[in-house]
Amino acid sequence: MTKLALYFRLAGQNLIKNRQYQFPFFLTGAGCAAMCYLIRFLNYNKGINEMYGAVYVAQMLALGSIIMGFLMIWIMAYANGFVIRRRGRELALYNILGMQKGNVAVVLGLEMLALCAGCILAGVAVGALFSKLALMLLLRLMQFEVPFGFSFSLAGAWQTAVIMGILFFCLYLFDLRQVWKASPIDLLHSDQVGERQPKSNWLLALFGLVALGAGYYIAAATTDLLMIILLFFLAVALVIVGTHCLFGAGSVVVLKLLRKNRKFYYQPRHFTAVSGMIYRMNQNARGLANICILATTVLVSVATTVCLYAGIGTTLDNMYPNAIGLSGPCDGELYRESDFDDWNARLEEVAAGYGVTPDQYAGFPLLLVDTHYAEGTFVADVPIDQVEPSGWTLQMMPASDYTRLTGEQVSLQPGQVLACGLPEGLSDFTVGGVPMTAVGQCSAFPPVDGQYIGDNVVCLVVADWDTLNGLVSSIDTTGNGYLPPVWYFVVCNPDGLTDDQVQHCAADMLHAADPLPDGLKRVVAFTRSYMRDQMYSMNGSFVFLGIFLAVMFTMATVLIIYYKQLSEGYEDRSRFLILQKVGMSAAEVRATIRSQVLMIFFLPLIMAAIHLAAAFPMLFRMVSAFGTADKGLFIACCGITLAAFAACYIVVYLLTAKKYYRIVKM
């Protein structure tokens with residue numbers, strides 16, 4: 001037999017003999033290759049690139065590619081590191097039997113080449129098999145028709161092969177380094193080296209608790225939208241650091257405190273479980289913290305994206321309640337109605353050409369001011385173009401316009417208003433220092449388009465234009481002389497028009513709006529159907545990215561759990577055999593195993609649920625910034641996501657625990 005043939009034979013035998021480690025590694029590689037092909041397939045799909053909203057899809061796929069790349073490196077490096085550690089004795093025997101490290105490198109290279117080729121072929125095949133399903137999911141989420149036919153992306157397959165080849169080559173270099181720097185004796189006893197008992201590091205545990213508390217505080221206390229975006233990643237970093245410190249140093253401190261509790265510790269199953277975990281907590285802590293962080297990532301990504309998608313209807317109702325809406329700010333602090341008479345008539349004539357009746361058309365001015373509310377005072381300190389979900393939006397019009405639009409006769413004295421949406425029980429209040437008294441309701445206030453309308457919206461009808469202009473002059477929203485402008489709105493709600501007809505009507509009205517009347521700086525047009533398509537394109541691709549990344553993170557979680565159970569099973573087998581030899585019954589051993597596995601396995605899930613609950617305020621404010629300010633919906637999405645993930649987590653536990661029990665009983 002030639003040397004090359006011997007190398008091939010050894011590589012083949014090693015893959016078969018170590019299938020317990022190599023097969024999960026192969027499945028992981030194939031899964032990564034499949035996900036890589038899927039995202040490349042969607043990126044090169046002509047139908048997606050030419051459809052409406054392609055820019056959102058391209059942005060989401062680009063973001064997904066970056067995150068997926070880092071995750072692939074991390075997953076494959078973790079799996080490969082476990083496999084090479086478990087093979088230490090085998091590689092040492094090769095050296096002892098006369099093979100040089102160069103010969104071992106050739107065998108490892110052939111193994112890695114075979115695994116790489118298999119992962120690429122299997123991954124591309126699986127990716128191609130599910131590519132149509134992924135395309136259907138994306139298009140359905142974006143409310144597009146799914147085309148017939150099947151396509152295969154050669155460019156996607158080629159790029160997947162190149163990416164996976166580079167990744168496997170880097171893993172091979174890492175394995176060579178591990179083999180080259182270790183002596184045969186070290187490799188021979190590598191799987192028998194136990195963990196030293198870690199010391200109780202109270203300082204590190206306290207630091208972890210402080211870091212976690214700081215992350216939680218940022219999530220709960222940050223209300224400014226810009227600061228939320230800036231501080232979100234700081235909060236995430238603090239939580240990650242705090243989680244690792246608490247699972248590492250904190251867990252040791254807790255376990256040693258349990259050991260001091262005689263009533264708890266001096267029971268057979270608690271004694272062996274706690275003592276065993278103390279000695280292996282250095283290794284356990286990293287895996288448990290990684291599982292917790294991955295689980296939290298899955299929960300956050302799925303809950304937020306699903307909430308955004310489920311809340312599209314509510315967002316449309318809030319932000320675009322009319323079929324067609326035109327709006328623009330007036331130049332200067334004063335609005336003159338006479339400047340808009342001819343312009344308004346021109347737009348109404350165009351709308352009438354599409355069958356819009358006078359009762360389906362309305363043009364009116366509004367004073368829009370964003371405020372913060374405190375103890376009967378609306379403080380107008382934020383410009384309308386920097387509106388915050390946590391603020392209060394005030395919409396104000398004079399009684400004459402309200403009567404014209406609704407037909408209700410209104411008679412108000414200076415300082416009196418009709419109001420809707422005020423805090424419960426409030427009748428006397430101030431706006432920008434101007435005192436007001438609510439003397440009735442204005443339930444027929446016309447809805448407007450293109451403005452962020454959250455839960456806190458107050459509609460006010462004031463006595464006349466002099467009152468409104470005086471209010472404009474008294475409000476300085478920035479402290480630098482910035483006065484809130486009056487906005488002019490035109491809204492249409494025709495019956496029986498198709499989406500295309502609505503779009504043409506809006507386009508013709510926008511064309512007829514030029515030239516603008518004196519005092520109007522600019523005008524923009526919105527249609528509910530157009531914005532609906534925009535939201536489904538953006539949020540649909542966002543949800544797809546969330547699901548895609550959730551699958552990747554879940555795959556990483558399952559891999560860590562499997563290898564963790566496998567590793568601990570081999571480490572615990574000899575220990576439990578010794579316990580049985582010194583008198584512990586088989587039933588007591590099973591109870592000890594169950595206690596240890598449950599204690600370790602469900603701790604990351606519980607901690608991930610706590611992380612999600614702590615992040616809820618910040619996540620809800622971020623979701624609200626996209627227009628979905630429905631707290632009940634977000635709570636439901638978080639709860640359903642947590643329940644679904646917990647169910648999957650339990651299934652993984654049952655499957656991997658069975659493997660652990662089988663190894664321990666060998």
Going by heavy atoms in the side chains, are [X] and [Y] under 4.5 Å from each other?
| X | Y | value |
| --- | --- | --- |
| T641 | V306 | no |
| Q159 | N43 | no |
| F168 | C119 | yes |
| K631 | F634 | no |
| V298 | L294 | no |
| W74 | N290 | yes |
| T28 | I75 | yes |
| V302 | F645 | no |

Q.
Taking OH in Y78 as the centre, count heavy atoms belonging to other residues, nucleotides or ligands within less than 6.0 Å. Is the count above 12?
A.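 Check passes, neighbour count above 12.
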
**Q.** Residues, nucleotides or ligands: over 12 heavy atoms within 6.0 Å of F616 CZ
**A.**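 More than 12 heavy atoms, drawn from other residues, nucleotides or ligands, come within 6.0 Å of this atom.
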
Calculate, to the nearest 0.5 Å, the distance between atoms [atom1] and [atom2] belonging to [X] and [Y] respectively.
| X | Y | atom1 | atom2 | result |
| --- | --- | --- | --- | --- |
| F174 | M112 | CZ | CE | 10.0 Å |
| M607 | I291 | CE | CD1 | 14.0 Å |
| L71 | C32 | CG | SG | 7.0 Å |
| L171 | F169 | CG | CZ | 11.0 Å |
| D175 | N80 | CG | CG | 4.0 Å |
| S541 | Y536 | OG | OH | 13.5 Å |

Check [X] against [Y] and note the closest heavy-atom contact, atom names and distance.
| X | Y | value |
| --- | --- | --- |
| F544 | A134 | CE1-O, 3.6 Å |
| A235 | I218 | CB-CG2, 4.0 Å |
| Y216 | H611 | OH-ND1, 2.7 Å |
| P24 | R19 | CD-O, 3.7 Å |
| A161 | I120 | O-CD1, 3.7 Å |
| A219 | R621 | O-NH1, 3.4 Å |

Q: Among L612, L633, T304, find the one that has a side chain to side chain contact (heavy atoms under 4.5 Å, CB included) with C638.
A: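 Per the side chain to side chain contact (heavy atoms under 4.5 Å, CB included) rule, the option paired with C638 is L612, out of L612, L633, T304.
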
Q.
I'd like to know if the side chain of R140 reaches the main chain of L137, judged simply by a donor and an acceptor atom lying under 3.5 Å from each other, with no hydrogens or angles considered.
A.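 No: the side chain of R140 does not pair with the backbone of L137.
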
Q | Pair L308-V543, side-chain contact (heavy atoms from CB on, under 4.5 Å): steps then yes or no | A | CA-CA 8 Å; L308 285 174; V543 172; 5.7 Å; no

(Q) Run F232 and T222 through side-chain contact (heavy atoms from CB on, under 4.5 Å) and show every step you take. (A) CA-CA 9 Å; F232 176 75; T222 308; over 6 Å; no

Q.
Could you go through L42 and L38, starting from their C-alpha distance and side-chain angles, then the distance that decides it, and tell me whether this counts as side-chain contact (heavy atoms from CB on, under 4.5 Å)?
A. CA-CA 6 Å; L42 295 174; L38 282 175; 5.5 Å; no

Q: Test side-chain contact (heavy atoms from CB on, under 4.5 Å) on Q22 and K17 and set out the steps.
A: CA-CA 9 Å; Q22 298 285 19; K17 181 178 62 177; over 6 Å; no

